[in-house]
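Throughout, protein chains are lettered first and strands after them, A, B, ... in sequence-line order, and every chain is numbered starting at 1.
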There are 2 protein chains.
Amino acid sequence: MMNPVEATTRPARIGRDGTRSQRPGRLASVVVEDLAREIISGNWAEGAVLPTEPVLCEEFGFSRTVIREALKLLEERGLLRVEQGRGTTVQPREAWNLLDPVVLRLALEYDQDMSLLDNLVTVRRILEREMAVAAAGRLTEADLDDLRKNIDAAEASYDDYPRFRFYDQKFHAILMKASGNEVGRTIVAAIHTHGGARPPLSAAASRAELARTVAAHRGVYEALAAGDGELAGDRISEHIDSAWAARKKVRRGARTRR
Amino acid sequence: MMNPVEATTRPARIGRDGTRSQRPGRLASVVVEDLAREIISGNWAEGAVLPTEPVLCEEFGFSRTVIREALKLLEERGLLRVEQGRGTTVQPREAWNLLDPVVLRLALEYDQDMSLLDNLVTVRRILEREMAVAAAGRLTEADLDDLRKNIDAAEASYDDYPRFRFYDQKFHAILMKASGNEVGRTIVAAIHTHGGARPPLSAAASRAELARTVAAHRGVYEALAAGDGELAGDRISEHIDSAWAARKKVRRGARTRR
DNA sequence: GGCCCATAAACATCAGATCTTTTGTCCGAG
DNA sequence: CTCGGACAAAAGATCTGATGTTTATGGGCC
């Protein structure tokens with residue numbers, strides 16, 4: 001269902017030299033990853049000109065088909081600008097599409113002071129708050145049932161963190177869907193899926209933290225069941241904030257920079 | 001600047017037969033537009049299987065290079081799923097990246113009840129409100145100067161609507177940038193650029209409406225200059241809401257469905 | 001009936017050639 | 001010396017045809 005692959009894709013420039021023990025799905029994704037990293041890490045500054053396509057072919061050992069596909073995808077993500085007759089140049093950070101999975105993942109990886117992660121959580125908190133308010137007036141009995149069963153399932157998963165996270169995200173997903181705001185749902189889903197998959201958000205949590213999450217969800221549920229959208233919004237906002245604060249504290253003591 | 005072409009793109013399958021009086025920038029964009037329209041209009045339902053690449057080549061009259069590039073871009077946008085050995089299928093609406101320019105434009109075009117546009121404005125209002133609050137504590141003197149000059153320039157452009165819109169958007173852009181929230185800025189910028197370019201948001205406004213906009217901006221500016229972030233946020237939120245309400249009213253009387 | 005392999009379908013990649021656009025240079029006219 | 005236009009070089013865009021890989025399917029074989 002999901003796609004938890006490619007978190008560490010980086011098969012080190014495989015060519016056609018026979019030793020391709022594993023193929024990364026698409027060759028172009030290797031090139032995308034590589035070039036995106038150069039750009040996002042700041043190694044290649046804004047305005048820098050990339051080598052020409054034939055040169056890149058030689059460097060990576062892939063054909064032009066693959067290289068071109070990668071360049072097009074990077075252009076689509078706002079990292080590059082490809083112009084006939086002129087060459088390929090690096091776009092300014094303002095043009096990057098930070099909601100794109102690859103861009104987001106790499107940007108977070110090089111986000112030393114966690115300002116980007118902070119931004120992400122802020123956006124998520126704001127949007128989810130308002131979407132909870134909107135959902136309050138639209139939830140069906142079936143939705144409420146779903147939410148309740150989801151909370152129960154999460155409560156029974158304290159010993160299986162991945163499973164717990166699944167139900168955690170599912171809870172928010174039900175709410176987003178019920179809010180009727182497709183745009184908000186798209187954004188929040190992108191943040192959940194690709195932003196939450198990084199430390200410190202992806203690190204296993206203490207049992208107490210999980211219990212707090214369940215309690216918070218139950219509080220949101222009760223507010224929704226009572227039809228009090230504002231209260232539900234306040235509670236989910238508070239929930240996201242406090243969960244993030246707890247996570248930041250964890251990270252601070254960990255020093256996980258690799 | 002924009003690209004008002006290709007609303008009805010289908011230049012009768014130009015080949016290399018000499019008569020290519022005009023090239024649409026990239027051939028792939030024609031294919032992207034065409035296929036995206038089929039999907040977003042609902043003409044092709046979720047799960048539908050597209051013709052194979054060779055067939056598409058024949059239909060469009062382009063080579064596989066072009067067709068493949070288009071398919072890859074559509075996959076990137078969440079509209080399609082391309083799988084080796086199986087074929088190309090249409091993705092469910094939930095997977096669409098509604099913030100992508102092309103997807104957003106077409107989705108709005110087929111957004112008969114304006115619910116999507118409503119979603120867009122809601123997200124924008126929520127985000128901009130919070131970002132104004134954040135900006136209040138970070139604005140430099142230079143930023144404030146910029147804002148003031150921007151308002152004055154807008155006020156002097158009542159008779160040149162495109163120019164007025166430029167300054168209008170610039171005002172918001174300065175604020176977004178000053179907020180320090182890159183993610184929020186990316187999202188709001190996407191909404192401004194690609195969502196605001198459609199009727200009824202793109203239609204020329206009355207002089208009174210423009211004056212109200214300027215007054216609203218000035219109110220936001222004064223709150224910011226006074227360091228009152230909450231007030232600035234409330235004002236900008238109110239501004240976006242009332243401007244949208246006015247626009248909806250215009251649209252209602254117009255019946256612009258073509 | 002269930003398992004295994006041959007085959008076909010469909011996308012992935014490669015290789016090389018030709019076309020277009022952009023840009024910079026060079027040279028002659030004024 | 002400066003301005004233009006012709007010309008050439010660079011770089012991406014597109015075309016063509018062949019070959020590799022993955023997936024699904026169908027027919028034997030046990």
Side-chain angles (χ1 to χ4, degrees), chain A residues 3 5-6 9 11 13-35 47-76 79-91, chain B residues 3 9 11 13-35 47-76 79-91:
Chain A
N3 183 332
V5 207
E6 295 158 347
T9 32
R13 273 68 186 291
I14 57 172
R16 61 291 186 63
D17 44 34
T19 54
R20 47 169 58 163
S21 50
Q22 55 213 337
R23 26 48 283 189
R26 300 201 215 307
L27 295 183
S29 69
V30 176
V31 182
V32 166
E33 173 83 15
D34 227 57
L35 298 182
V49 202
L50 267 70
T52 68
E53 291 180 354
V55 173
L56 287 174
C57 292
E58 234 181 83
E59 281 186 21
F60 282 95
F62 298 145
S63 78
R64 267 188 84 190
T65 309
V66 174
I67 299 295
R68 273 183 62 78
E69 181 179 327
L71 292 179
K72 283 303 163 49
L73 292 177
L74 288 168
E75 181 179 39
E76 189 62 28
L79 297 179
L80 290 179
R81 178 171 191 175
V82 184
E83 287 165 297
Q84 185 176 177
R86 305 220 297 174
T88 306
T89 49
V90 175
Q91 289 275 74
Chain B
N3 182 330
T9 32
R13 281 56 190 289
I14 57 174
R16 62 291 183 62
D17 43 36
T19 53
R20 46 168 55 166
S21 50
Q22 55 213 338
R23 20 74 241 213
R26 300 202 216 305
L27 295 183
S29 68
V30 176
V31 181
V32 166
E33 172 83 17
D34 226 57
L35 298 183
V49 209
L50 266 69
T52 68
E53 291 179 355
V55 174
L56 287 174
C57 292
E58 234 180 84
E59 282 188 19
F60 282 96
F62 298 143
S63 76
R64 275 203 294 289
T65 311
V66 173
I67 299 295
R68 272 183 61 77
E69 182 179 326
L71 292 180
K72 283 304 162 51
L73 292 177
L74 288 168
E75 181 178 39
E76 188 63 27
L79 297 179
L80 290 179
R81 177 168 193 177
V82 184
E83 287 167 298
Q84 185 175 177
R86 305 222 295 175
T88 306
T89 49
V90 175
Q91 290 275 74

(message) Please determine whether salt bridge (Lys or Arg N to Asp or Glu O under 4.0 Å) holds for the pair B:Arg64 and B:Glu53, giving the CA-CA distance in whole Å, both sets of side-chain angles, and the decisive distance to 0.1 Å.
(response) CA-CA 7 Å; B:Arg64 275 203 294 289; B:Glu53 291 179 355; 5.3 Å; no
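- Of the candidates D:dG17, D:dA13, C:dC11, D:dA13 carries the atom nearest the A:Glu53 side chain, counting heavy atoms from C-beta on.
- Residues B:Leu50 and B:Val82 form no side-chain contact, since every pair of their non-hydrogen atoms from C-beta on lies 4.5 Å or further apart.
- Of the side-chain N and O atoms in A:Thr65, none sit less than 4.0 angstrom from OP1 or OP2 of C:dT13.
- For the pair A:Thr88 and D:dG12, the criterion of a side-chain N or O lying under 4.0 Å from OP1 or OP2 is met.
- What separates CD of A:Glu83 from P of D:dA10 is a distance of 19 Å, to the nearest Å.
- Not one side-chain nitrogen or oxygen of B:Arg86 sits closer than 4.0 Å to the OP1 or OP2 atom of D:dT23.
- One interatomic measurement links the two molecules: CZ of B:Phe62 to P of D:dC15, which rounds to 7 Å at whole-angstrom precision.
- Side-chain contact check for B:Leu56 versus B:Thr88: every heavy-atom pair is 4.5 Å or farther apart.
- Residue A:Lys72 has a polar side-chain atom (N or O) positioned under 4.0 Å from OP1 or OP2 of D:dA13.
- Looking at heavy atoms from C-beta onward, B:Leu79 lies out of side-chain contact with B:Val90 at the 4.5 angstrom threshold.
- Regarding B:Arg68, its CZ atom lies at a distance of 15 Å from the P atom of C:dA10, rounded to whole Å.
- Regarding A:Leu71, its CG atom lies at a distance of 10 Å from the C1' atom of D:dG12, rounded to whole Å.
- With rounding to whole Å, B:Phe60 atom CZ is found 14 Å from D:dT14 atom P.
- When rounded to the nearest whole Å, the span between CG of A:Leu27 and P of D:dG20 equals 15 Å.
- When heavy atoms are screened at a 4.0 angstrom cut-off, A:Thr52 is found touching the sugar-phosphate backbone but no base atom.
- The CZ atom of B:Arg81 sits 15 Å away from the C1' atom of C:dA10 (whole-angstrom rounding).
- At D:dT16, none of the side-chain N or O atoms of B:Arg64 fall inside 4.0 Å of OP1 or OP2 (strictly under the cut-off).
- A donor-acceptor contact shorter than 3.5 Å is absent between the side chain of B:Glu69 and the backbone of B:Ala28.
- Rounding to whole angstrom units, CD of residue B:Glu69 and P of D:dT14 are separated by 6 Å.
- The listed nucleotides are C:dT20, D:dC15, C:dC11; the one nearest the side chain of B:Gln84 is C:dC11.
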